[in-house]
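Model, not experiment: these values are computed from the prediction.
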Amino acid sequence: MRGKAWFALASLVMCAGAWAQEPTCRVELPVLVTLPSGALVQRLGPEGFVGRGVKGPIPLESVETERGARRILFVVENAKRVPEAARKIEAAVIREIVSKADAEDVFGLLTARGPRKEIRFGESRESLQAAANEIEAGMKGKNQEDAVLDSVYEGAGWFQPGRAGDAIFVLTMGIEKNNQVSFDKVRDRLTGAGIRVFGFQLGMLISGYIYGGVGMGPGGQLIPTANISANRENFFALSMDTGGFASLENAEGDPQKRYRLTDERLRVVQYMAAQEYKAAVEYYRVRVQNPPKEMVLDLAEAIRKQIPQAMVIYPKTALACSPYSNSPKH
């Protein structure tokens with residue numbers, strides 16, 4: 001009996017020791033609050049946010065505003081199929097962001113499809129401006145095979161070592177075609193490195209796909225069938241999954257209406273480019289310990305009542321907490 005009592009006591013001590021040594025996982029989330037107009041909601045304090053889980057409120061350790069010099073990589077679709085209006089928008093976005101940038105910001109550029117052009121971090125802004133001019137005019141040279149997602153995946157490797165606020169601005173007609181690297185692999189690399197994605201889609205948004213076929217009817221006759229599959233691997237999903245956001249400016253037009261890049265449309269594009277740049281430069285850094293995967297971060301009730309249409313954007317996959325999780329480096 002004494003041996004059994006000693007064994008039970010030893011087991012209790014071992015379990016208690018294991019519980020006491022369980023490491024704490026602290027996650028830092030880059031958080032944006034945006035309005036439908038593209039405006040950013042800034043200067044919220046810690047009382048402006050709440051965390052919720054299936055079991056109730058989740059305390060937030062801290063909420064701070066993060067602002068600083070940024071590394072921004074432009075990934076620009078450069079294929080011959082890109083319409084003239086889209087190339088003008090790509091060039092205008094690059095120029096707008098560079099013109100608004102702080103002196104300490106660092107830029108790079110990598111083209112996808114079409115002739116390859118790369119500008120590494122640390123090269124002059126004049127070289128970036130020259131590249132924008134080439135893109136607008138239609139770049140000459142041998143076409144490359146890399147599609148947009150492939151170039152995003154490659155560009156993510158340029159951010160070594162990682163820094164807070166690293167961002168990729170993608171200018172594309174769409175990311176769904178001819179990629180060698182899968183959507184999931186690209187997203188996981190970006191979220192793992194803490195790189196947020198912004199940019200513009202300049203082609204038509206594909207909301208889903210219809211798959212046709214033939215099936216057997218009740219009377220044995222053959223009947224046509226169709227299944228609709230939602231497109232969950234589009235550019236907007238990629239940007240939101242990483243904690244960024246993107247804009248749509250369909251420069252392809254549609255069968256009913258030809259697209260015209262007017263001065264007014266160009267001003268709208270430039271405004272959205274400036275808003276996206278501001279979101280890259282400044283965001284909320286929210287710390288939470290041991291968050292459950294199902295945690296939802298939202299505005300506090302009083303703030304939500306004032307701006308009911310506001311969207312709280314952060315990388316949901318960053319909530320996958322492990323004992324070895326590390327906060328982004330600053």
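Residues that satisfy the salt bridge (Lys or Arg N to Asp or Glu O under 4.0 Å) test with Glu294, not counting sequence neighbours, are absent from this structure. Residues satisfying the ring-ring contact (aromatic ring centres under 6.0 Å, His included) criterion with Tyr284, sequence neighbours excluded, are Phe49. Partners of Glu104 under the salt bridge (Lys or Arg N to Asp or Glu O under 4.0 Å) rule, at least two apart in sequence or in another chain, do not exist in this structure. Qualifying side-chain hydrogen bond (donor to acceptor under 3.5 Å, both in side chains) partners for Thr65, counting only residues two or more places apart in sequence or in other chains: none. When the side-chain hydrogen bond (donor to acceptor under 3.5 Å, both in side chains) test is applied to Tyr259, the partners found at least two apart in sequence or on another chain are Glu249. Here Arg113 pairs with Glu77 under the salt bridge (Lys or Arg N to Asp or Glu O under 4.0 Å) rule; sequence neighbours left out. Applying the ring-ring contact (aromatic ring centres under 6.0 Å, His included) test to Phe107 and every residue at least two apart in sequence or in another chain returns Phe74. Evaluation of the salt bridge (Lys or Arg N to Asp or Glu O under 4.0 Å) rule for Lys305 yields Glu301 as partners, not counting sequence neighbours. By the side-chain hydrogen bond (donor to acceptor under 3.5 Å, both in side chains) test, Lys100 is found to be paired with Glu96, residues two or more places apart in sequence or in another chain being considered. With sequence neighbours left out, Asn179 forms a side-chain hydrogen bond (donor to acceptor under 3.5 Å, both in side chains) with no residue at all.
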> When you look at Arg287 and Glu64, which way does the salt bridge (Lys or Arg N to Asp or Glu O under 4.0 Å) test go after all the steps?
Replying inline: CA-CA 9 Å; Arg287 291 191 182 95; Glu64 300 173 351; 3.6 Å; yes
> side chain to side chain contact (heavy atoms under 4.5 Å, CB included) between Gln144 and Lys142: does it pass, once the steps are laid out?
Replying inline: CA-CA 7 Å; Gln144 61 176 316; Lys142 182 181 177 181; over 6 Å; no
> What's the verdict on side chain to side chain contact (heavy atoms under 4.5 Å, CB included) for Lys257 and Asp254, showing C-alpha distance, side-chain angles and the deciding distance?
Replying inline: CA-CA 5 Å; Lys257 188 175 182 181; Asp254 55 56; 3.7 Å; yes
>> Show, in sequence, the C-alpha distance, side-chain angles and deciding distance for Glu176 and Asn234, and conclude whether the side chain to side chain contact (heavy atoms under 4.5 Å, CB included) test is met.
In response: CA-CA 6 Å; Glu176 290 86 358; Asn234 59 62; 3.3 Å; yes
>> Show, in sequence, the C-alpha distance, side-chain angles and deciding distance for Val152 and Leu73, and conclude whether the side chain to side chain contact (heavy atoms under 4.5 Å, CB included) test is met.
In response: CA-CA 9 Å; Val152 171; Leu73 174 66; over 6 Å; no
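Distance check: Leu32 CG to Gln275 CD gives 11.0 Å after rounding to the nearest 0.5 Å. To the nearest 0.5 Å, atom OG1 of residue Thr172 and atom CD of residue Glu90 are 8.0 Å apart. Summarising the geometry, atom CG belonging to Leu248 is positioned 10.5 Å from atom CE belonging to Met272; distances are rounded to the nearest 0.5 Å. Glu252 contributes atom CD, which lies 9.0 Å from atom CG of Leu202 (distance to the nearest 0.5 angstrom). Expressed to the nearest 0.5 Å, how far CZ of Arg267 lies from CG of Asp263 amounts to 6.0 Å. To the nearest 0.5 Å, the span separating CZ on Arg67 from OH on Tyr283 amounts to 12.0 Å.
Annotation: side chain of Lys80 is in contact with side chain of Asn143 (closest heavy-atom distance under 4.5 Å). Residues Thr242 and Ile168 are not in side-chain contact: their nearest non-hydrogen atoms beyond the backbone lie 4.5 Å or more apart. Between Val288 and Glu61, every side-chain heavy-atom pair lies at or beyond the 4.5 Å cut-off. The shortest side-chain heavy-atom distance between Thr111 and Val75 does not fall under the 4.5 Å cut-off. When side chains are defined from C-beta on, Val50 does not count as touching Leu299, because their heavy atoms never get closer than 4.5 Å. When side chains are defined from C-beta on, Ser62 does not count as touching Val286, because their heavy atoms never get closer than 4.5 Å.
Note on Leu35 and Leu44: same hydrophobic cluster, where clusters join Ile, Leu, Val, Met, Phe, Trp and Tyr whose side-chain heavy atoms are under 4.5 Å apart, directly or indirectly. Cluster membership for Val197 and Val312, using ILVMFWY side-chain heavy atoms within less than 4.5 angstrom, is not shared. Placement of Met173 and Phe183 in two distinct hydrophobic clusters is found when ILVMFWY residues are connected by side-chain heavy-atom separations under 4.5 Å, directly or transitively. The cluster map of Ile, Leu, Val, Met, Phe, Trp and Tyr, joined by side-chain heavy atoms under 4.5 Å apart, puts Val76 and Phe159 in different clusters. Leu40 and Val281 fall within a single hydrophobic cluster, where Ile, Leu, Val, Met, Phe, Trp and Tyr are joined by side-chain heavy atoms under 4.5 Å apart, directly or via other members.
Of all the heavy atoms in Ile303 and Gly48, the pair that sits closest is CG1-CA, 4.1 Å. Heavy-atom minimum distance, Ile89 versus Ala251: CD1-CB, 4.3 Å. Of all heavy-atom pairs spanning Leu261 and Ala85, the tightest one is CD2-O, 3.9 Å. In terms of heavy atoms, Ile313 sits closest to Gly244 at CG2-O, 3.5 Å. Here the closest non-hydrogen pair linking Ala92 and Leu266 is CB-CD1, 3.8 Å. The two atoms that bring Ala131 and Ile119 nearest to each other are CB-CD1, 3.7 Å, heavy atoms only.
A donor-acceptor pair is defined here as one N or O able to donate and one able to accept, closer than 3.5 Å; no such pair exists between the side chain of Asp146 and the backbone of Ser151. Tyr153 contributes no side-chain N or O that, together with a main-chain N or O of Lys185, makes up a donor-acceptor pair within less than 3.5 Å. With Asn78 contributing its side chain and Pro115 its backbone, the two residues share a donor-acceptor pair below 3.5 Å. Judged purely by atom type and a 3.5 angstrom limit, Arg304 uses its side chain to pair as donor or acceptor with the backbone of Ala310.
Between Lys278 and Glu276, no side-chain nitrogen of the basic residue sits less than 4.0 Å from a carboxylate oxygen of the acidic one, so the salt-bridge criterion is not met. Arg70 has a carboxylate O that lies under 4.0 Å from a charged side-chain N of Glu66, or vice versa, which qualifies the two as a salt bridge. Salt bridge Arg196/Asp166: absent, no basic N to carboxylate O contact under 4.0 Å. Between Arg187 and Asp184 a salt bridge is recorded (basic side-chain N to carboxylate O distance below 4.0 Å). Using a 4.0 Å cut-off between a side-chain N of Lys or Arg and a carboxylate O of Asp or Glu, Glu136 and Arg87 do not qualify as a salt bridge.
Checking each of Phe169, Phe235, Phe198 against Phe245 for a ring-ring contact (aromatic ring centres under 6.0 Å, His included) leaves exactly one that passes, namely Phe198.
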Donor-acceptor pairs are to be reported for all side-chain atoms of residues 121-129 against protein atoms at under 3.5 Å, with residues two or more places apart or in another chain.
residue : atom : partner : partner atom : Å
Glu123  : OE2  : Arg120  : N            : 3.0
Ser124  : OG   : Ser127  : N            : 3.2
Arg125  : NH2  : Asp102  : O            : 2.6
Arg125  : NH2  : Asp105  : O            : 3.0
Ser127  : OG   : Ser124  : O            : 2.5

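The list of salt bridge (Lys or Arg N to Asp or Glu O under 4.0 Å) pairs with a residue in residues 29-48, not counting sequence neighbours, is empty.
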